Amino acid sequence: MKLTRCLTALAAAAALSATFAASAREYSVSTVLSDAFPWGQAAQKWADLVEERSNGEITLRVYPNAQLVAGDQTKEFSAMRSGLIDMAVGSTINWSPQVPELNLFSLPFLMADSADLDAITQGNAGEQAFAAIEKRGIVPLAWGENGFREISNSVKPVKTPADLKGLKIRVVGSPLFQDTFTALGANPTQMSWADAKPALTTGAVDGQENPLSVFDVARVDQVGQKYLTLWHYMADPLIFAVNQRVWKELPEADRELLRQAAIDAGKWEIELSRNSEAKRLEDIRARGVEVTELSEAEKQAFADATRSVQDKWTSKIGADLVEAARTAVAK
């Protein structure tokens, strides 16, 4: 009798284990930066929330440093669309080659501050941006934030467009960035972030532009970047997203769990990113970096110098989308 009960218990445990194994699922999540940065922390927070709320039945395995696309962050969207990547917390900049509408956020001096950015992402313009992503086979779930991008160099302080003349500036692989820095008289050089630090070290390029979090954590000051200008010329929102095929295969309850976890992780990361800015700037100054803060008139000079870039790219992005963003900012 005891043997029978024991065998029955073992069979029940085996059945339960098999049921759990059948229901437990793992999905890949791509990010460009590791969890040393708020960007990578956003992906990990999403994974942690999903693990907790699904009682371990859904695992999001985070692959940082663009390793699923061999370091080429501009291929992340295509890899997710084709199913090589299940999910991602990606940058509007890196996805813009496949989703031209996302160039909206790279228009120089469209947004002055976080309030402007929130007005865009949380309003009609943000909905249009999400619709453009979904039209291309990816389901966007929530917004995150990589921060406003500032410029640094190893040559001199930058206070006017004339100060950029002739400087070799590393930029990401987007034609809009090429146009922006060309309009400012600089010499833009496209390269991945993996290649950027060695190029800055050797002097192959003079400067770079990135959010303060990247400048701080990656210790860009250690590769000769002595001069930093806070010009807030564009923002880099992050997007939590899922491959459409994966999304369609999920039960409705799991979809809602994933979406709400992404929304919560995004809000958490945005607050973390913004609340860290003052301390990051303090630490950067303490390491001997000369920080230039521009007056409104000085910022306007840069905006005027890049007005032609906004005009050129409005038709490529979509006039209605750009107008929706400008209306949101104006309000």
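These numbers come from a predicted model, not from an experiment.
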Asker: Flag the pair T306 / D179 as yes when at least one side-chain heavy-atom distance between them is below 4.5 Å, and no otherwise.
Answerer: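 T306 does not reach D179 side chain to side chain.
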
Asker: Would the distance check show the side chain of D86 and the main-chain N or O of Y27 forming a donor-acceptor pair, the cut-off being under 3.5 Å?
Answerer: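 It does not hold such a pair.
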
Asker: With the side chain counted from C-beta on, respond yes when N210 and F215 share a heavy-atom pair under 4.5 Å apart, and no when they do not.
Answerer: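 No, every pair of side-chain atoms sits at 4.5 Å or beyond.
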
Asker: So does K279 pair up with D216, basic N to acidic O under 4.0 Å?
Answerer: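 Salt bridge between K279 and D216, a charged N being under 4.0 Å from a carboxylate O: no.
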
Asker: With heavy-atom distances below 4.5 Å as the criterion, would you say the side chains of W313 and P175 are in contact?
Answerer: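 Touching, per the 4.5 Å side-chain cut-off.
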
Asker: Using modelled atom types only, decide if a donor and an acceptor are shared between the side chain of D113 and the backbone of D116 within a distance under 3.5 Å.
Answerer: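 Checking the backbone N and O of D116 against the side chain of D113, a donor-acceptor pair under 3.5 Å is found.
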
Asker: For the side chain to side chain contact (heavy atoms under 4.5 Å, CB included) test, which of V99, N146, D236 pairs with T92?
Answerer: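 One option only clears the test, and that one is D236.
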
Asker: Any heavy-atom pair between the side chains of L230 and V291 that's under 4.5 Å?
Answerer: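 Sidechains of L230 and V291: in contact.
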
Asker: Just wondering, are more than 12 heavy atoms of other shown residues or ligands nearer than 6.0 Å to NZ in K165?
Answerer: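 Atom NZ in K165 is not packed in, count stays at 12 or less.
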
Asker: Quick one: does any side-chain atom of R149 pair with a main-chain N or O of E209 as donor and acceptor, under 3.5 Å?
Answerer: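 Yes: the side chain of R149 pairs with the backbone of E209.
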
Asker: Hey, is CD on E271 packed in by over 12 heavy atoms from elsewhere, all under 6.0 Å?
Answerer: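 Incorrect, the count does not exceed 12.
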
Asker: Tell me whether the rings of W143 and F130 are parallel (<30°), tilted (30 to 60°) or perpendicular (>60°).
Answerer: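 W143 vs F130 ring planes: parallel.
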
Asker: Any donor-acceptor pair under 3.5 Å linking the side chain of E298 with the backbone of S295?
Answerer: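 Confirmed, E298 side chain pairs with S295 backbone.
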
Asker: Given ring-ring contact (aromatic ring centres under 6.0 Å, His included), test F109 with W231 step by step and report yes or no.
Answerer: CA-CA 9 Å; F109 303 99; W231 64 343; 5.7 Å; yes

Asker: May I ask you to decide if the ring planes of Y233 and F177 are parallel, tilted or perpendicular, using 30° and 60° as cut-offs?
Answerer: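 Taking F177 first and then Y233, their aromatic rings stand perpendicular (interplane angle over 60°).
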
Asker: Is the side chain of S273 donor-acceptor paired with the backbone N or O of E269 at a distance under 3.5 Å, no angle test?
Answerer: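 No; zero donor-acceptor contacts below 3.5 Å.
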
